[in-house]
Amino acid sequence: MRPVKLAIVVPCYNEEQALPISARSLLDVLDRMSAAGLTSEDSYILCCNDGSRDKTWDVIEQLHVADSRVKGISLAHNRGHQYALLAGLTTVIDHCDAAVSIDADLQDDPEAIIEMVKEYNAGAEIVYGVRSSRETDTMFKRATAHAFYKFQNAMGLDTVYDHADYRLMSNRALTLLSHYGESNLFLRGIVPQIGLKTAIVTYSRASRVAGESKYPLSKMLSFSIDGITSFTARPIRFIFFLGLILLLLDIVVAIYVLISYFMHNYDAGWPSLMLSIWFLGSITLIAIGVVGEYISKIFTEVKGRPRFEIAEKIFD
């Protein structure tokens, strides 16, 4: 088969320390694939600066001067990882046969790109990079990650277990992805819906090459909520069934109260009254919060604002 023109899309936010290291590693992978006839010599890396506050864009410009295969786009504002990644993928649609997305911290093994390209040549149009183990994670991180995927599956999301955003997509898959116009992005949920032939490549996840993690627990929780509320209405259905269960409990309690009243066997119970008020009040607030989350998604979508703006571009 002819060599693949490959674009490696790297979303970057405050990665001035990690980017020079990751760029060298990715260029080395491109060199070896080109020498083996897997990819063409005009394959390249596209770094997507997500409104970084450090010198990430300056580093991208310097890397481009040193090697023209390193290209870059810079978003006008910090829009988040998913938007930076989508900006990169939509930029390369007309300039590649396939694109691989990988984070700048190189926790995802760049060597897996070689196997991804081989799977692409074998006919797969979407190749997922999946972690072979979580031995490098802390026990807390491992437990919360597993809970994250199980909860998503319980909520009806079609996601790939232990897969983040490390994947290869063919040009056709990228084109189909561009047809999804929602503003509330959760690419891990969108890509499996495309429905083309897929494959999986496993790899061992490493520690960051430099810098600090951009995904603390608070961001992971927010990301999970965004994914669930963007793809399924099941939480609202759960609230409905919870309401039915509470109604049945209310009927049981009402029968008990009436029996106690007519048998003159009751005391005015302040503790039980307060517990009931607090319990029902909490359920009410949770229900309002879940419904509000969906309303906020609708609010964002109906405005139809641009999902991102590209301020600068190095793409020659």
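Nothing here was measured: the structure is a model prediction, and the numbers come from that model.
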Exercise for review: Drop me the distance from S132's OG to I200's CD1, to the nearest 0.5 angstrom.
Suggested key: 12.5 Å
Review point. Does the pair R24 and D31 meet the rule for a salt bridge (charged side-chain N to carboxylate O under 4.0 Å, His left out), with working shown?
Key: CA-CA 10 Å; R24 285 197 301 270; D31 287 337; over 6 Å; no
Practice item. Count the heavy atoms of every other residue, nucleotide or ligand shown that sit under 6.0 Å from NZ of K55, and state whether that count exceeds 12. Key: no
Practice item. Identify whether the distance between the nearest side-chain nitrogen and carboxylate oxygen of D109 and R131 falls below 4.0 Å. Key: no
Exercise for review: Could you give me the CA-CA distance, side-chain angles and deciding distance for N49 and E312, then say whether side-chain hydrogen bond (donor to acceptor under 3.5 Å, both in side chains) is met?
Suggested key: CA-CA 9 Å; N49 178 37; E312 296 183 72; over 6 Å; no
Review point. Below 4.5 Å, heavy atoms only, C-beta onward: do D97 and L6 meet side chain to side chain?
Key: no
Practice item. Give me the one residue out of L30, V29, V9, L63 that meets side-chain contact (heavy atoms from CB on, under 4.5 Å) with I45. Key: L30
Check your understanding: Between D50 and R79, is there a side-chain N and carboxylate O pair less than 4.0 Å apart?
Key -> no
Practice item. Report yes or no: does H64 contribute a side-chain atom to a donor-acceptor pair with the main-chain N or O of K71 at less than 3.5 Å? Key: no
**Study point:** Pairwise side-chain contact, P11 with D103, heavy-atom cut-off 4.5 Å (strictly under)
**Key:** yes
**Study point:** I8 side chain near P110 side chain, heavy-atom distance below 4.5 Å
**Key:** no
Review point. Mind checking whether Y128 and Y166 have ring centres under 6.0 Å apart?
Key: no
Check your understanding: Among E119, R167, M169, which residue meets the side-chain contact (heavy atoms from CB on, under 4.5 Å) test with V127?
Key -> E119
Review point. Hey, what do you get for SG (C96) to CG (L174), rounding to the nearest 0.5 Å?
Key: 5.5 Å
Practice item. Report yes if the side chains of Q193 and L176 come closer than 4.5 Å at any heavy-atom pair, otherwise no. Key: no
Practice item. Would you check, one step at a time, whether the test side chain to side chain contact (heavy atoms under 4.5 Å, CB included) holds for V10 with C48? Key: CA-CA 6 Å; V10 185; C48 310; over 6 Å; no
Exercise for review: Please report the C-alpha distance between I114 and L38 in whole Å, then the side-chain angles of each, then the deciding distance to 0.1 Å, and finally whether the side chain to side chain contact (heavy atoms under 4.5 Å, CB included) criterion is met.
Suggested key: CA-CA 8 Å; I114 300 173; L38 287 174; 3.9 Å; yes
Exercise for review: Could you tell me whether the side chain of I93 reaches within less than 4.5 Å of the side chain of L89, counting heavy atoms only?
Suggested key: no
Exercise for review: For side chain to side chain contact (heavy atoms under 4.5 Å, CB included), just list the numbers for V70 and V65, CA-CA rounded to whole Å, side-chain angles, deciding distance to a tenth of an Å, and then say yes or no.
Suggested key: CA-CA 8 Å; V70 179; V65 171; over 6 Å; no
**Study point:** Other residues, nucleotides, ligands: >12 heavy atoms within 6.0 Å of E41 CD
**Key:** no
Check your understanding: Do R32 and D28 meet the salt-bridge criterion of a basic N to acidic O distance under 4.0 Å?
Key -> yes
Review point. Any side-chain heavy atom of D108 sitting closer than 4.5 Å to one from Y203?
Key: yes
Exercise for review: Check whether the ring centres of Y44 and H95 lie less than 6.0 Å apart, and answer yes or no.
Suggested key: no
Check your understanding: Can you tell if the side chain of V130 reaches within under 4.5 Å of the side chain of V201, non-hydrogen atoms only?
Key -> no
Check your understanding: Are the aromatic ring centres of Y180 and F186 under 6.0 angstrom apart?
Key -> no
